[in-house]
Amino acid sequence: MVDTSLLVWIVLAPLLGAILNGGFYFYHIKRKPVPEIVFSIIGTMTPLIAFLITLCLFLDMVDSNTTFRQELFTWVNIGSLNISMAFLGDHLAIFMSMFVTFVGWLIHIYAIGYMTKDEGFGKFFAYFNLFLASMLILVLADNPVILFIGWEGVGLCSYLLIAFYYSEEENVLAGNKAFIANRVGDFGFILGIVTLFFALGGVDLSFGSLETNISNASTSLLALSGFLLFIGAMGKSAQIPLYVWLPDAMAGPTPISALIHAATMVTAGVYMVSRFHFLYSGIEEIGTFIAYIGAFSALFAAIIATRQQDIKKILAYSTMSQLGYMFIAVGLGFYSSGLFHVLTHAFFKAMLFMGAGGMIIALHHEQNIFKMAQHRVQLPIIGITFLIGVIAISGIPPFSGFFSKDAILAAAFQEGQYGIWAIGMFTAFLTAFYMFRMYFILFVAPNKHTKHYVYTSKTITLPLLILAVGAVGAGFLNLPGALGGEHMVDTWLAQTNSTQVHMSHTTEYILMVVSVLIAASGIVVAYKKYANFDVYAPEDEKGLIANKFYIDEIYDAVFVKSAKKISSFIDKTIDMKIIDGLIMSGCNQFIALGKKVATIQNANVRFYAGFMLIGMSCVFIYLYISLGL
């Protein structure tokens, strides 16, 4: 392990960007206007610096196969509890940091064009930089406590950015919903860390120390810790039952939607489970539970997406569904396969959100796909890149999503989890269906409106073209052996002790063909139903699926309204009548007594002299009796 001072600068670069942009924004609103170019340069250069530093460390690791670590200072040292402010740059951390900084940088560039002339331009980039810095703290943390700082940081930034346009109540409620739902998961995360600490007998909390001593703990406590930690992942990565915040998070500007779904926040849960691979490898029953939660989340989200009409909510549910695939992989111990899907998903999901944002701007912030189709604009670059993203997420070869998704399905099949495999396959059909449903409505279905060109900023289209390359070619980074590949991602992430897919090439070919046929059938069904769809007669928004199985309403009735009733009972009955009643009753008695005593304080000298005479007489009588005179 090599000590280096570069790791901290991966975090400090965007953090300093946030501080500088925040300072300039305050100057902008208090003194005199600051040009947007200042915020733009700071906002985009700092993520680029973080990416270049990560790239240098990556190249060094390729040559020397070293692991980097940097300890800044000892934060807490109480008895056996030792927490260092330290960063770890192993293969897993550098792998995540590479695409988080790169894709994050492209989204920052995109945000320049999207947010131009917005009153909060500088504030947005301050929050944006802080969001990226928080994610990098999470990724590079050397121990769970520092990871939790980044974990909470991305939660805070998501709240600030989802509720960015806080003058509208709807946006504030969406931000609150995300913040509160994640606090539920974070409570489980904290309990998981505490349980693991005591289970290991209070050892040093660094990941290296935890892995070394993991065999000293009882299986039951490890299972409890793993379960509690995964509750945190349910919140951050929007899995059943803590997923409800994710669709509403679309209230924020589209660049934040792209950043949340592609490079930060929602991928944190998958990374956390992979980081704790040494824990989950010994508690297979919890891993199987994680895989099933992922499978049902993938299916549930895909079903809901088939009837959504808001373009960003369709993409939000697709993210939840794809995250379900990732949890299938890491739950079954195939960490490199899950992280490979995180990588490919970052490219095509960022591109899809950014393409959607370009269309939303062109159509004056219209997000209903049927209304967007009625006033279609011709944006060639967005149209082409959007199609690439749709094909990639649908799992059609040779696009990247095919290789990463099929690696996960092959893993489930190999492990004998045929139920999970079947759910994954059906979800693949639904994914191809609802994604091409959206594409055919937006770009193919006939309309009566005259097409016209709308100018789109190069800061919007250039990142799309770069991401398109990744959406097409990233899959070849982990090409399976059946296709002549060398499993480069699997090899790079060997430190996670990830299980590998080992089956006959014939079986792999059959699984691939079945997967492609299922995805193709989804496309065919979508084409037949929506290629010539009447966009002026949109689908009915009523029904169980269109209303998301009324889960929000159920949660509102079970949790929100009941919490309000309990709070009201505590306030008006327990607090006011019992606690306040007892206290105020005692106070009133003292007040009454005080008023009676106050009657003798009347400022009458003769009255006081009389009391003195009575008092002195009592003293003399006492002395007389006590002395026996």
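- Relative ring orientation between Phe476 and Phe403 is described as tilted, the plane-to-plane angle lying within the 30° to 60° band.
- His108 pairs in a side-chain hydrogen bond (donor to acceptor under 3.5 Å, both in side chains) with only one of the listed residues (Asn129, Thr459, Thr46), which is Asn129.
- Ring centroids of Phe58 and Trp492 are separated by less than 6.0 Å, placing the two rings close together.
- A donor-acceptor pair shorter than 3.5 Å can be found between the side chains of Ser318 and Lys349.
- Heavy atoms of other residues, nucleotides or ligands lying less than 6.0 angstrom from CD of Gln495 number more than 12.
- Between Glu152 and Arg183, at least one side-chain nitrogen of the basic residue sits less than 4.0 Å from a carboxylate oxygen of the acidic one, meeting the salt-bridge criterion.
- The closest side-chain heavy-atom distance from Gln322 to Ile393 is below 4.5 Å.
- Ring-plane geometry between Phe102 and Phe51 is classed as tilted, the angle between the planes lying from 30 to 60 degrees on a 0 to 90 degree scale.
- At a threshold of 4.5 Å between non-hydrogen side-chain atoms, the residues Asn216 and Asn213 count as touching.
- For Glu285, the CD atom counts as densely surrounded, since its 6.0 Å shell holds more than 12 non-hydrogen atoms of other residues, nucleotides or ligands.
- Between the Gln70 side chain and the Val8 main chain, a donor and an acceptor come within less than 3.5 Å of each other.
- In this structure a side-chain-to-backbone donor-acceptor pair under 3.5 Å is present from Thr54 to Ala50.
- Because its NZ or CZ atom is both nearer than 6.0 Å to the ring centre of Phe164 and within 45° of the ring axis, Lys123 counts as a cation-pi partner of that residue.
- Between Thr496 and Ser274, the side chains place no donor N or O within less than 3.5 Å of an acceptor N or O (distance only, hydrogens not considered).
- Counted within 6.0 Å of OH on Tyr165, heavy atoms from surrounding residues, nucleotides or ligands total more than 12; the atom is thus considered enclosed.
- In this structure, Phe128 and Phe125 have perpendicular ring planes: the angle between them is above 60°, well past the 30° mark.
- Here the side chain of Asn478 pairs a donor or acceptor atom with the backbone of Val489 at under 3.5 angstrom.
- Side-chain atoms of Ser158 come within 3.5 Å of backbone N or O of Gly155 as a donor-acceptor pair.
- A donor atom on one side chain and an acceptor atom on the other are not found under 3.5 Å apart for Thr195 and Ser225.
- For the pair Glu415 (side chain) and Leu332 (backbone), a donor-acceptor distance under 3.5 Å is absent.
- One side chain, Thr344 or Ser404, offers a donor N or O that lies under 3.5 Å from an acceptor on the other.
- Taking the centre of each ring, Phe348 and Phe399 stay at or above the 6.0 Å mark.
- Judged purely by atom type and a 3.5 angstrom limit, Tyr335 has no side-chain atom pairing as donor or acceptor with the backbone of Thr499.
- Relative ring orientation between Phe230 and Phe327 is described as perpendicular, the plane-to-plane angle rising above 60° on a 0-90° scale split at 30° and 60°.
- A salt bridge is absent between Asp90 and Arg69; no separation between the charged side-chain nitrogens and carboxylate oxygens falls under 4.0 Å.
- Between Asn77 and Thr74 the shortest side-chain heavy-atom distance falls below 4.5 Å.
- Phe402 meets the ring pair (Phe, Tyr, Trp, His ring centres under 6.0 Å) test with no other residue; sequence neighbours excluded.
- Checked by atom type and distance alone, the side chain of Lys313 never pairs as donor or acceptor with a backbone atom of Pro247 at under 3.5 Å.
- A donor-acceptor contact under 3.5 angstrom links the side chains of Tyr114 and Thr254, judged on distance only.
- Proximity of a side-chain donor or acceptor of Asp186 to a complementary backbone N or O of Phe189 within less than 3.5 Å is not detected.
- Side chains of Asp490 and Ser336: a donor on one and an acceptor on the other come within 3.5 Å.
- In summary, the side chains of Thr491 and Glu486 do not present any donor paired with an acceptor at a separation below 3.5 Å, with no hydrogens or angles considered.
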Should Phe99 and Phe347 be marked as a ring-ring contact (aromatic ring centres under 6.0 Å, His included) after you check the CA-CA gap, both sets of side-chain angles, and the distance that decides it?
CA-CA 9 Å; Phe99 71 82; Phe347 286 104; 7.6 Å; no

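- Ring-plane geometry between His341 and His345 is classed as tilted, the angle between the planes lying from 30 to 60 degrees on a 0 to 90 degree scale.
- A donor-acceptor pair under 3.5 Å is formed between the side chain of Trp245 and the backbone N or O of Gly235.
- Using a 4.5 Å heavy-atom threshold, the side chains of His487 and Leu479 count as separate.
- A donor-acceptor pair is defined here as one N or O able to donate and one able to accept, closer than 3.5 Å; no such pair exists between the side chain of Ser498 and the backbone of Ala494.
- How far CG of Leu323 is from OG1 of Thr267: 8.0 Å, rounded to the nearest 0.5 Å.
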